[in-house]
Amino acid sequence: MGDLKIKIGDMQLKNPVMVASGTFGYGEEYAQLVDLNKLGAIVTKSITLKPRAGNNQPRLWETASGLLNSIGLQNVGLKTFIEEKLPYLQKYDTGIIVSIAGETVDEYEKLAQALKKEKFDALEINISCPNVRTAKRMLFAQDPELARQVIRKVRRYYKKTVIVKLTPNVTDIGLIAKACEKAGADAIAVVNTFNGMAVDLKKGVPVFKNIVAGLCGPAIKPLALYKVYETSQAVRIPVIGMGGIMNFHDGLEYILCGASAIAVGAGNFIDPQIPVKIIKDMELYLRENHLGKISRLVGSLKC
Amino acid sequence: MGDLKIKIGDMQLKNPVMVASGTFGYGEEYAQLVDLNKLGAIVTKSITLKPRAGNNQPRLWETASGLLNSIGLQNVGLKTFIEEKLPYLQKYDTGIIVSIAGETVDEYEKLAQALKKEKFDALEINISCPNVRTAKRMLFAQDPELARQVIRKVRRYYKKTVIVKLTPNVTDIGLIAKACEKAGADAIAVVNTFNGMAVDLKKGVPVFKNIVAGLCGPAIKPLALYKVYETSQAVRIPVIGMGGIMNFHDGLEYILCGASAIAVGAGNFIDPQIPVKIIKDMELYLRENHLGKISRLVGSLKC
Amino acid sequence: MFQDKCRILANEPICGNFYRLVLESKSIAAAAVPGQFLNIRVEQGTDFLLRRPLSIHEIKKNSVSIIYKTVGRGTGKLSLKKPKESLDVIGPLGKGYTLSDGKAVLVGGGTGVASLKFLAADLINKQQAAVVVMIGARTREEVLCGNEFSELGCKVEICTEDGTLGFKGMVTSLLKQYLSVMGAHPRVVYACGPMPMLKEVGRLTSHFRIPCEVSLEEHMGCGVGACMGCVVPARNGGYLRVCKDGPVFDAREVAL
Amino acid sequence: MFQDKCRILANEPICGNFYRLVLESKSIAAAAVPGQFLNIRVEQGTDFLLRRPLSIHEIKKNSVSIIYKTVGRGTGKLSLKKPKESLDVIGPLGKGYTLSDGKAVLVGGGTGVASLKFLAADLINKQQAAVVVMIGARTREEVLCGNEFSELGCKVEICTEDGTLGFKGMVTSLLKQYLSVMGAHPRVVYACGPMPMLKEVGRLTSHFRIPCEVSLEEHMGCGVGACMGCVVPARNGGYLRVCKDGPVFDAREVAL
Ligand SMILES: Cc1cc2nc3c(=O)[nH]c(=O)nc-3n(C[C@H](O)[C@H](O)[C@H](O)COP(=O)(O)OP(=O)(O)OC[C@H]3O[C@@H](n4cnc5c(N)ncnc54)[C@H](O)[C@@H]3O)c2cc1C
Ligand SMILES: Cc1cc2nc3c(=O)[nH]c(=O)nc-3n(C[C@H](O)[C@H](O)[C@H](O)COP(=O)(O)OP(=O)(O)OC[C@H]3O[C@@H](n4cnc5c(N)ncnc54)[C@H](O)[C@@H]3O)c2cc1C
Ligand SMILES: Cc1cc2nc3c(=O)[nH]c(=O)nc-3n(C[C@H](O)[C@H](O)[C@H](O)COP(=O)(O)O)c2cc1C
Ligand SMILES: Cc1cc2nc3c(=O)[nH]c(=O)nc-3n(C[C@H](O)[C@H](O)[C@H](O)COP(=O)(O)O)c2cc1C
Ligand code: FES
Ligand code: FES
């Protein structure tokens, strides 16, 4: 029997296959189609201090093998999340990773403070959402110093596992990842969506009100894979890889490139069985190849 | 009759549809399939001072709606280019844009110097090829100061139209584009390929010997389009847009986002008729919509 | 809610660019209620990435059928599928119509007519309701399901914009005329069709103080309420999910 | 070199995972020479982005045929195409075999056998050559075109790795035996098949000092010599393009 168990920070997971933030709601939405108990971990939609209504329509746009989204972080807000959504997830035997997002360092700090006593496995700091218009165009994840500030503040309150989710929209993701590692992050999640756009030619306007939206799906896999490789080369802490994963083979590519765990995002929309299938195929693969532990494959790419 | 004529620097083109560097050889390879006289311009394969053998196999890898390449700038070198390839192109009634690439500022300077007396329409400085391993990992196009140095030197010798081709693999392409504009570039070509990779799972090795390769094709269209938009917002000089253009609609999206001209790259492999079809459809579109000049549409996106 | 590999029992053009697709699925047929939809994966591979949401038009014991119009790449591809091939289907999804007894008016435009058939069947068979159906189309070739409604025992009113069949004009003009007649007062109006039609139906029913349910469309990611991609503005601020809180909404809930 | 929308005249399984595809095209048929290939767009859309290069197996007045093995997504999809559908084809492409008279030995492995049929036909019909064909396959079900070669008047030698038909072993062992016989000395050896086979053929022919042409494969972008994607190392350094300088090379030109 293959051993799929992995450890990220203090978090022990029964397998390295997660569902990515924003693509799996708060878990319950998929419970009728997917056995949540099988998943390594569920990363929740990013939570903000106050409920967020999100962006105007349109929010989704299909592209060649990809999906542009501009949800704008619509979520129930911290209070409802703790009172209604978290208890639901806690009923399942799966890792719970709570994703948080803020517009200021202060907001991240407050979120960490409020969540520190709640029962879940890890906090994922989303400092890379391209779909929220803030005063400055820069994301926290585009500047090592800004990233560091957020992580330091969160770390002060939150002592369990902290994952930082980075944007691929940077010249050198290794640089940012290193800054996060130094600031105390336990793991790096790579990638959030790539900046993209589309045009509504009939009206001569951008499809999305914010102009920019985030591209995900199979189209970005070669790009995201390289970002994961770069990140894992730059840091010692575990990397969680994602971007266009549709099957076990895709996932294995990420693991070889240095991902200790992988997450399925848009793939859930196309086929909600993908994460569970990957877990099954992963087990089979380990067994057939007498590999023992999945962790042995992490970063095993021969270059 | 729609007027497709455009001007970039001193270069007058009969239409704004080009074929992108590296995807159309030196023109002659496609002459049996495509009427070269119809094209707005042909951008040659990037030329280096000495002939280059290029990278080991594999050099190409198909991905979801995309193509990774790692050619490594195989080209005939400056001398053969001037003696054999350029004269061939000069027989046609189409714009000729000579792309040059170097590993040092000095090489670009020498190329510009050697080409300054030759008869063609514009020089495209490729400072963004991801497939050449140099000592430093950084590309000229990833640093405003490095980009500036190259352009200054080239400008000193080459007085006709200078186009700078940028990489999308940067945090803020507007910043780099502005530096190029200031340094004297007449136009910016966006984008070269996105950094990506693939894994050969059977062997557990990266598909490409250099690990990284460049992604192009429809997969990148939403990303490249946004880079073109960002660039055109940042500079006053014309922008030449490319990335996954497969038909007139794709091209028109680029034009609305600020591209004065567009280039077809990988699209030529899939269907060599794409550039000519785009030109035909563009003419039709102008006529049917009584728009007069294509130049009126440049940057006409209503935001 | 199930995810099933459904065998195609039939996939045929009916008129204009409209097709009827019949899918084998006991479980979906047993669970479905009028107004719900299926989310169909048109192709394996990554070129048609997202599933296409399509309303349930009719159920039989072992099958579910839909009526779709070929408007783009996905529906175009769908129309090429042959019987015996299989499709990956998730459904039934969403919140359907609230069945009411008494007199009901069903207003449908374009493909919106299709989902009203399932509703009419249930209203008549389960609620013994008296059903008037108003079918709007651009032209006579695009009038959908007229006979099917008649056979169910509905009173059918047809409207074409070009006057080639039935009443000439918009289906909403017909509705207005109908509601203006003294005593016509139906217990409820159900509407499914393009947004401008729904807007006007909402306005009219609000004016005549008649409860109204509308079925909405939005581009979808997940189809199950997880991604927040398919939202419509709620009347009281915020957004509602078409896939989960709808596609059928009380007309007063949503900002039409 | 043409770009044609070619009607499919036939597309049928022949044995194992091998299919024969017959495409209507007068212009390509008229221009083609043995060893050249077609570059076929398998699907519209962007999911099968690149064209697939496939060797010409036979020409008739109005048609070109190829034999392909379903090894991946593209060839799998191709096998589903039906007669009367059309394919976007570019061809004939590349540099073919140099026709020689006298005695020729043709060595083919796997699908490589297919392109040798066109060659054998021309050698016999145009050069009155005496042709010996050595067909290698894993097992008897995968032996391609044996009868076709016999009918042309070739001497056919069959080799299977598992010994289920003909000589047991590698086709190169057979070639070695053949060349070792005094007086067998053919004027030229042509080979098409997997790289290890070609390597060994190259070694043997060089040892026996017999001219040899080999047909190579590489992943292709443009197929016309423009992208430098399909290169193979030249013996004297640098690279040669399979699509333009080949696919047929003098065995001494390339580093096998
Ligand atoms: C709940 C619901 C029920 C529907 N019921 C029916 C029905 O019974 N019959 C019918 O013909 N159509 C129905 N539609 C509309 C149908 O989903 C679209 O026509 C279809 O998705 C178009 O796909 P395409 O690939 O042909 O078009 P394209 O424009 O090529 O599609 C591109 C993308 O946009 C999405 N999209 C385009 N138009 C719509 C739309 N109107 N609604 C949602 N997504 C869209 C597609 O799903 C795809 O992701 C329904 C839509 C919803 C939301
Ligand atoms: C000049 C030439 C002639 C050929 N003639 C024949 C023939 O007559 N019969 C036959 O069965 N096969 C032939 N091949 C091989 C054939 O091109 C591949 O089997 C085919 O491209 C595989 O496509 P796929 O989508 O099924 O495989 P996938 O592995 O899914 O393809 C992925 C990508 O890799 C490329 N690729 C994969 N294998 C090869 C290969 N061996 N050569 C080139 N590209 C490859 C594909 O074209 C595609 O771009 C020839 C190849 C070349 C270069
Ligand atoms: C509809 C949608 C909503 C998303 N919302 C979030 C979010 O709230 N927080 C976050 O960190 N990432 C969010 N993402 C990004 C995904 O978690 C993931 O990083 C990205 O989609 C790449 O993976 P994929 O290609 O597998 O989808 C969202 C993605 C999609 C498609
Ligand atoms: C095989 C190949 C070779 C290329 N070689 C060059 C090159 O030599 N110089 C250059 O500036 N760009 C080169 N490019 C990049 C293209 O010019 C273009 O910028 C890129 O492919 C994006 O456009 P596309 O998506 O339409 O292909 C090459 C691209 C491909 C696919
Ligand atoms: S489609 Fe995802 S919430 Fe409705
Ligand atoms: S495939 Fe482009 S040069 Fe051969």
Side-chain angles (χ1 to χ4, degrees), chain A residues 19-34 42 44-46 51-77 131 207 213 216-221 244 246-247 250 265-273 276, chain C residues 1-5 27-28 31 38-53 72-75 77 87-94 195 216-234 236-245 254-256:
Chain A
V19 287
S21 178
T23 67
F24 213 76
Y26 308 102
E28 56 191 332
E29 295 84 352
Y30 273 108
Q32 282 185 59
L33 295 174
V34 180
I42 294 174
T44 70
K45 175 72 191 170
S46 296
R52 276 185 72 103
N55 294 339
N56 284 339
Q57 280 292 348
R59 291 183 172 189
L60 298 173
W61 195 254
E62 201 183 54
T63 69
S65 299
L67 171 65
L68 281 167
N69 93 72
S70 175
I71 306 295
L73 287 182
Q74 176 172 353
N75 77 94
V76 296
N131 297 324
V207 164
C216 62
I220 67 164
K221 201 198 77 181
M246 297 288 281
N247 53 46
D250 293 338
N268 293 306
F269 307 163
I270 287 85
D271 182 357
Q273 307 310 321
V276 174
Chain C
M1 191 191 305
F2 304 94
Q3 182 172 358
D4 253 7
K5 284 264 177 302
S27 46
I28 296 178
L38 306 178
N39 214 359
I40 300 185
R41 186 162 184 195
V42 171
E43 270 291 81
Q44 300 298 310
T46 63
D47 200 11
F48 299 83
L49 198 61
L50 296 172
R51 288 168 182 268
R52 269 45 178 176
R73 283 168 10 103
T75 47
K77 196 82 188 176
L87 288 170
D88 179 344
V89 177
I90 298 180
L93 294 170
M195 205 34 130
L216 303 185
E217 293 184 4
E218 243 327 321
H219 287 215
M220 288 187 179
C222 66
V224 299
C227 75
M228 306 296 148
C230 65
V231 301
V232 290
N236 310 328
Y239 291 99
L240 293 165
R241 295 163 300 181
V242 168
C243 71
K244 184 84 180 177
D245 307 315
V254 283
L256 289 172

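We name chains A, B, ... by the order of the sequence lines, and we start the count at 1 in each one.
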Side chains of A:Y30 and C:C222 in contact at under 4.5 Å (non-hydrogen atoms): yes
Nearest atoms (heavy-atom pairs only) where C:C227 meets A:L60: SG-CD1, 4.4 Å
Close side-chain approach of C:Q3 to A:Q32, heavy-atom, < 4.5 Å: no
Audit row: C:Y239, A:N56, side chain to side chain contact (heavy atoms under 4.5 Å, CB included) steps and yes/no: CA-CA 9 Å; C:Y239 291 99; A:N56 284 339; 2.7 Å; yes
CD on A:Q57 to SG on C:C230, rounded to 0.5 Å: 7.5 Å
Residue pair A:E29, C:R241: steps toward the side chain to side chain contact (heavy atoms under 4.5 Å, CB included) verdict: CA-CA 12 Å; A:E29 295 84 352; C:R241 295 163 300 181; 4.3 Å; yes
Trace of the side chain to side chain contact (heavy atoms under 4.5 Å, CB included) decision for C:R41 with A:D271: CA-CA 8 Å; C:R41 186 162 184 195; A:D271 182 357; 4.1 Å; yes
C:M228 backbone acceptor or donor facing A:R59 side chain under 3.5 Å: yes
Under 3.5 Å: donor-acceptor pair, side chain of C:T46, backbone of A:P218: no
Region of A:P272 in contact with chain C, defined by heavy-atom distances below 4.5 Å: both
Spatial distance of atom CD (A:Q273) from atom CG (C:D88) [nearest 0.5 Å]: 8.5 Å
Heavy-atom side-chain proximity of C:R51 to A:I270 below 4.5 angstrom: no
Options A:L67, A:N69, A:N75, ranked by heavy-atom pairs under 4.5 Å with chain C, top entry: A:L67
Euclidean distance, C:L49 CG relative to A:F269 CZ, rounded to 0.5 Å: 10.0 Å
Main-chain N/O of C:L50 paired to A:E62 side chain as donor or acceptor, under 3.5 Å: yes
Top of C:G221, C:G45, C:G238 for chain A proximity - count of heavy-atom pairs under 4.5 angstrom: C:G221
